[in-house]
Amino acid sequence: MELTKNFEPQEIEKKWYSHWMNNGYFKSVPDGREAYTIVMPPPNVTGVLHMGHCLNNTIQDILIRRARMQGKNACWVPGTDHASIATETKVVAMLRERGITKSQLSREEFLKYAWEWKEKYGGIILEQLKKMGCSLDWDRTSFTMDADYYKSVIEIFIRLHKDGIIYRGLRMVNWDPASKTALSDEEVIFKDVDSKLYYVTYPFADGSAGGITVATTRPETILGDVAICVNPTDERYISLIGKEVIVPIINRKIKIIGDEYVTAEFGTGALKVTPAHDKNDNELGKKHNLKALNTLDEEGKFTLEELEDDLLNDTIISYAGVDRFALRKKIALDIEAIGGLHKIEDYKSQVGTSERTGAVIESRLSLQWFMDMKKFIATNPDIAAAVADELIKFHPTKAKNTYAHWMNNIKDWCISRQLWWGQQIPAWYDEEGKFVVAENEEKAYEEYLKKHGAKSTASGEVWRGLKQDEDCLDTWFSSWLWPMEVFKGISNPNNEDVNYYYPTTTLVTGQDIIFFWVARMVMAGYAFKQTQPFKDVYFTGMVRDKQGRKMSKQLGNSPDLLLLIEQYGADAVRFGIMIASPAGNDILFDESALEQGRNFNNKMWNAVKLLKMWEGRCEILDTKYEKNTFAITWFENRLNEVCKEVNEMLNQFKLSEALKVIYSLIWDDFCSWYLEWVKPGFEQPIEKAVYEKTVSFFSQLMELLHPFMPFVTEEIYHLLEDRKDDLCTHIYAAPVQVDKKILSEGALLKNIISGLRDVRNKNQIKPKETIKVHMQTAEAIIYKSIESILAKQINAETIIYVNDAVAGTITTVIGKDKFYIETEQPLNVAGQKEDLEKELAHLKGFLISVEKKLSNEKFVANAKPEVLVVENKKKADALEKIGIIEDSLKNI
RNA sequence: GGGAGUUUAGCUCAGUUGGUUUAGAGCAUCUGCCUUACAAGCAGAGGGUCACAGGUUCGACUCCUGUAACUCCCA
């Protein structure tokens, strides 16, 4: 079979993925083996694959493939999240393009469109994951709005309501005027913006001259002002507390009050209090018994509804329906016109924006459903302890602090959203607003009867006046059940699957959703399954571009992943994203890393080509690869050494490092050293035993690399030999002891080869020119076994052992041995001297630092004995080397 | 404003309880090679006052304090 010049991934990837699928390798059913379970963080159902998913899922695939090869029952569950607000936003936009507005549609009609949309675009991302080689158990694909899942979410809501943890209340919420819904604190993103600080004067109500000036960034809320507040220790204003001033335009009389909350240094030191439109003002309002006057509607437009106690003039009436930002300018102008605007300053402020729509958030008083988190956490002390005590291990551990900090400052969770796409809140209301919580309408009537008594209509018919809450639940209120409900742990408690797979083993997710999701899954785990949801959590950072910027559509710096896979191959993409991605740190994505991955594929591919050449030239000898004993035993040990290292690194989730070590083992140790060492001369035969050993090494290398780069390794595994098994389900052999002595001899050999090659380079000896090497060493015995490799690698025709310096040669010292090189080239005596002197200076400097330590009495008295031994050995070594170099210098 | 984290070669990162030959990789750079698997390659080389300033210690990249810059989270 003729192999292509370079590795061509496209066909090979398709071939192996379907082969693995056809053999059901990714399927998992409970059995007697240890389970290794990962639930995939469900991407948005309408999402497409981006770099973040790529990183995330590559890591999960590495972990799951390794577990599979360790003989564990590996189960990786795919799925998607209905992503309430994100999806609804998309559906609304799609309808708008077709000329339909949401308000024209009934809930049922809208949901029909949404489901159609979901069927059409949902799960594209899952198909894309197959291209990356992800070994997911596709039969277990779940969706957070599957019928059972939906029921479970409702059941949990009812349970928590019964326990008094979920309640309904009028609270200040983060209101997104674009999607007209409340948001949780976690969905609000603070951004720095350039704004203006308006200095507005409120004249005194008693007609006396002057007034009080406040600085505000939000003049549009002035009509909702109910007080002015100053710090009671602020001498400028002490005498004014209790006085009345007039709100401009609306001419409402309000009081000046005092409260420590106000910072005297900010603005003018006087604060306008608008309880309906600011969280802090709302607190202040409650404390001082102030009314909250709402002047903005759910779309952020001016409304007169709550101003019935005020005298409305034409100006105010003209504001009705004006958007908040237009209103800001308008009111500022109108105040200026009546001489109330003192000045305007540029000001940098932070405003909250909606994570999904980007709209500026309004604080708004609203009736919403909340979860009392403090109370909930108190039901199970393990929730906080699990992470602190490392029952659940975070990688990197520093994420523990973030978790603890949030737990300690936890606030109530607003779980209702004014959206239709999601689990509808199971609360039913009568005309007066009295309500019951129940899993369906029938039960709701039963409940109602129990709670509020029978009701009948005027005409005596059975009363059917209950209406279900229009709102749905926050998406995270369903995804926090993910690790248990993908195994039907709530809808079908204690079934075989959930008993076997739960708690899951490892969760891989972004640090940015530690509160949204990770913490809440921990809570749900302990609250509803009485145990942790997972054992380890591996946090990935954010994928940024080369310049460290976030990837975003606006910047256009987000690469098309499928295109990259097409260009470089999935293995190369996996390699590129993994080679420099420390746990928990952001990774800077650089396409050159993908090139490196592609080149790595080619390197391995070419090694296969070399072996295929040898295969045809095998000869059977009974020498038992005598000539190559050193090369083979050295590589065998080196391989085993790295296997152990990699194993330890992976146990500690050091994935990048493990990949680096494997990369170097294959490229440097195997290709650059080992293959060159056993390589026969031009068109010479190779001993069959050596060939077979080499094939076996190569196969083991492929095993080691397989979790990282599944396609190319599977392909090479099969190219090397005809096999019945596949690498995908191959089980790793038990670790083997390594021989340290041969490893150090190998290191010595490499060192000498590099050193002598350097000498050749510096003396401009052409690669093809052979040299004669005279070696002066105290340990000729070691060199005997590596001599032939050495000769081959430095193109030496002979190696002669000598006891004295050889005149007319290039002299060099490597370690403790001297080498004299005979060559046709003219000798560069000065250059040699310079090199030796440089080395000598370095050693002398080193010696001084060691001697300084050793002559320090306190060091000798305090240092541990083993440190002392090392220092003494350093000194002896340095002295010996210095002697050897000085000796050589004399002879030049 | 409060909290957490980061700062080591041009870039991306290692550096495990303070002592392991006066700091290690990979990429990039430079020099020489189209050598017979591989120029998407081979061989070799150069490059760092470990952010700054103090302190603890016989000894600090490592521990402590402060400063600066950046990142994230919370208000």
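Small disclaimer: the values here were computed from a predicted structure and weren't measured. Letters go in sequence order (proteins before strands), and every chain restarts at 1. Any value given below was found using the heavy atoms of this structure, including those in side chains, with hydrogens, waters and symmetry copies removed.
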At under 4.0 Å between heavy atoms, which parts of nucleotides 23-38 of chain B does protein reach? Answer with one letter per nucleotide, 5' to 3': B base, S sugar-phosphate only, - none. ---SS--------BBB
With RNA chain B as reference, determine whether A/Glu657 or A/Lys762 sits nearer its 5' end, using the nearest nucleotide of each.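 It is A/Glu657, whose closest nucleotide lies nearer the 5' terminus.
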With nearest nucleotides of RNA chain B determined for A/Ser849 and A/Lys654 from heavy-atom distances, which residue corresponds to the more 5′ nucleotide?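 On the 5' side of the pair lies A/Lys654.
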Ion pair present between [X] and [Y], side-chain N to carboxylate O less than 4.0 angstrom?
{"X": "A/Lys873", "Y": "A/Asp877", "result": "yes"}
{"X": "A/Lys400", "Y": "A/Glu390", "result": "yes"}
{"X": "A/Glu886", "Y": "A/Lys844", "result": "yes"}
{"X": "A/Asp176", "Y": "A/Arg364", "result": "no"}

Rounded to whole angstrom units, what separation is found between the [atom1] atom of [X] and the [atom2] atom of [N]?
{"X": "A/Ile752", "N": "B/G44", "atom1": "CD1", "atom2": "P", "value": "13 Å"}
{"X": "A/Ile848", "N": "B/G59", "atom1": "CD1", "atom2": "P", "value": "19 Å"}
{"X": "A/Leu854", "N": "B/G59", "atom1": "CG", "atom2": "C1'", "value": "12 Å"}
{"X": "A/Ile514", "N": "B/A4", "atom1": "CD1", "atom2": "C1'", "value": "11 Å"}
{"X": "A/Asp512", "N": "B/G5", "atom1": "CG", "atom2": "C1'", "value": "15 Å"}
{"X": "A/Glu645", "N": "B/U16", "atom1": "CD", "atom2": "P", "value": "16 Å"}
{"X": "A/Ile666", "N": "B/A40", "atom1": "CD1", "atom2": "P", "value": "21 Å"}
{"X": "A/Asn862", "N": "B/C58", "atom1": "CG", "atom2": "P", "value": "6 Å"}

Can you tell me how far [atom1] in [N] sits from the matching atom in [M], rounded to whole Å?
{"N": "B/C50", "M": "B/U62", "atom1": "C1'", "value": "10 Å"}
{"N": "B/U8", "M": "B/A14", "atom1": "C1'", "value": "10 Å"}
{"N": "B/A23", "M": "B/U29", "atom1": "P", "value": "26 Å"}
{"N": "B/U20", "M": "B/U36", "atom1": "C1'", "value": "43 Å"}
{"N": "B/U67", "M": "B/A25", "atom1": "P", "value": "37 Å"}
{"N": "B/C42", "M": "B/U35", "atom1": "P", "value": "14 Å"}
{"N": "B/G66", "M": "B/C30", "atom1": "P", "value": "45 Å"}
{"N": "B/A9", "M": "B/C72", "atom1": "P", "value": "22 Å"}

Counting only side-chain heavy atoms from C-beta out, which of B/C58, B/U22, B/G41 sits nearest to A/His842?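 Minimum distance to the A/His842 side chain belongs to B/U22.
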Can you figure out which of B/G19, B/A4, B/U21 approaches the side chain of A/Lys873 most closely?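 Out of B/G19, B/A4, B/U21, the nucleotide with an atom closest to A/Lys873's side chain is B/U21.
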A/Phe516 and A/Trp476: aromatic ring centres closer than 6.0 Å? yes
Ring centres of A/Phe697 and A/Tyr674 under 6.0 Å apart? yes
Under a 4.5 Å cut-off applied to non-hydrogen side-chain atoms, are A/Asn856 and A/Val860 in contact?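 SC-SC contact between A/Asn856 and A/Val860 ruled out.
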Looking at every heavy atom in both A/Leu847 and A/Ala878, which two are closest together, and how far apart are they?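 Taking A/Leu847 first and A/Ala878 second, the nearest heavy atoms are CD1-CB, 3.9 Å.
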Might you point out which heavy atoms bring A/Pro9 and A/Tyr568 nearest each other, and give the distance in Å? CG-O, 4.0 Å
Under 4.0 angstrom, heavy atoms only, what part of the nucleic acid is A/Asn401 near: base, sugar-phosphate, or nothing? sugar-phosphate
Review item, nucleotides 1-3 of chain B N/O atoms under 3.5 Å of protein N/O:
none

Distance to the ring centre below 6.0 angstrom and angle to the axis at most 45 degrees; does that hold for A/Arg638 and A/Trp673?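 Geometry flag: not set, cation outside 6.0 Å or 45°.
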Suppose we define a pair by two distances each less than 3.5 Å, Watson-Crick or G-U wobble; what does [N] pair with here?
{"N": "B/G41", "value": "B/C33"}
{"N": "B/A9", "value": "none"}
{"N": "B/C72", "value": "B/G3"}
{"N": "B/U67", "value": "B/A51"}

Parallel, tilted or perpendicular for A/Phe575 and A/Tyr663, by the 30°/60° rule? tilted
Side-chain N or O of A/Arg598 less than 4.0 angstrom from OP1 or OP2 on B/A40? no
